[in-house]
Amino acid sequence: MLRISVLVSGGGTNLQAIIDGIESGSIQGAELVRVISSNPEAYSLERARKHQIPSVVIGKMNYPDRRERTKAILSALEEAQTDLVILAGYMSILEPDLIEAYRGRIINIHPSLIPQFCGTGFYGKHVHEAVLSAGVLESGATVHYVDEGVDTGPIIIQEKVSVLEGDSPEALAARVLETEHKILQEAVKIVIASKRQR
Ligand code: GAR
């Protein structure tokens with residue numbers, strides 16, 4: 001069983017997609033062992049509770065020092081014997097120590113077609129606002145491995161979403177989010193299959 005910990009900051013619909021994938025049997029060979037939230041108010045914590053997944057809040061409010069925060073995240077991941085870390089709407093940048101400790105074992109979901117509309121400052125609704133201001137006809141979603149850069153690691157899966165006439169950032173975000181849920185489930189299956197081959 002691949003032991004998955006998920007890092008979140010908000011509503012957690014992507015976390016829910018992984019929960020649903022595992023509970024429905026669509027994702028096999030994996031279990032959710034920890035949810036780590038940077039935000040004590042995140043609805044993700046409620047989702048974890050409903051599905052009996054142990055959760056912990058590690059954020060700026062309880063760990064104001066960056067180094068201490070990273071140490072706390074590392075010990076939570078280690079305590080849960082984590083094999084794979086998923087950043088699912090996690091709005092912080094991971095420190096190099098954490099990336100080094102879990103190299104090749106951290107994946108992130110991003111709401112655009114990387115390398116477009118990604119990097120510093122491109123997160124959440126800012127991504128969709130930028131897509132609409134640029135007037136492009138296509139956006140999408142990407143799941144990729146995490147390295148030291150911001151949204152730069154190797155891409156696992158990507159899918160396009162059309163930008164429609166008169167789209168608002170919210171309407172575009174909602175359509176992209178549906179695609180995110182689908183490709184995040186696929187990405188987890190791809191990672192599980194790749195670990196089996198070793
Ligand atoms: C998702 O759209 C995710 O791709 C984005 O935040 C949203 C979280 O939604 N992540 C980023 O922008 C990270 N750069 P969720 O909490 O419902 O999964």
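When a ligand or atom number is given, it counts from 1 through the structure's own listing order.
- Considering backbone and side-chain atoms together, G89 places no N or O closer than 3.5 Å to any N or O of ligand 1.
- Scanning all heavy atoms of the two residues, the minimum distance from S5 to V33 falls at OG-CG2, 3.6 Å.
- Of the polar atoms of G12, at least one N or O is found under 3.5 Å from an N or O of ligand 1, judged by distance alone.
- Heavy-atom neighbours of L164 CG from other residues, nucleotides or ligands within 6.0 Å: above the threshold of 12.
- Nearest protein heavy-atom neighbour of atom 14 (N) of ligand 1: H110 ND1, 3.5 Å.
- Distances from atom 9 (O) of ligand 1 to the heavy atoms of T179, N14, V8 show the closest one on N14.
- Remark: the backbone N or O of N62 is not paired with any side-chain donor or acceptor of R69 at under 3.5 angstrom.
- In terms of N/O distances under 3.5 Å, ligand 1 is not approached by D151.
- In terms of polar-atom proximity, defined here as any N/O pair under 3.5 Å, T13 does make such a contact with ligand 1.
- With sequence neighbours left out, Q28 forms a side chain to side chain contact (heavy atoms under 4.5 Å, CB included) with no residue at all.
- Looking only at protein heavy atoms, the nearest one to atom 12 (O) of ligand 1 is G124 N, 2.8 Å.
- The backbone N or O of A48 lies less than 3.5 Å from no partner atom in the side chain of S55, so there is not a single donor-acceptor pair.
- The shortest contact between atom 6 (O) of ligand 1 and any protein heavy atom is with M91 CE, 3.2 Å.
- The pair E178-R175 does not meet the salt-bridge criterion, since no charged nitrogen lies less than 4.0 angstrom from a carboxylate oxygen.
- Here the shortest heavy-atom pairing between S168 and L132 reads C-CD1, 3.5 Å.
- Atom 4 (O) of ligand 1 has its closest protein heavy atom at E180 OE1, 2.7 Å.
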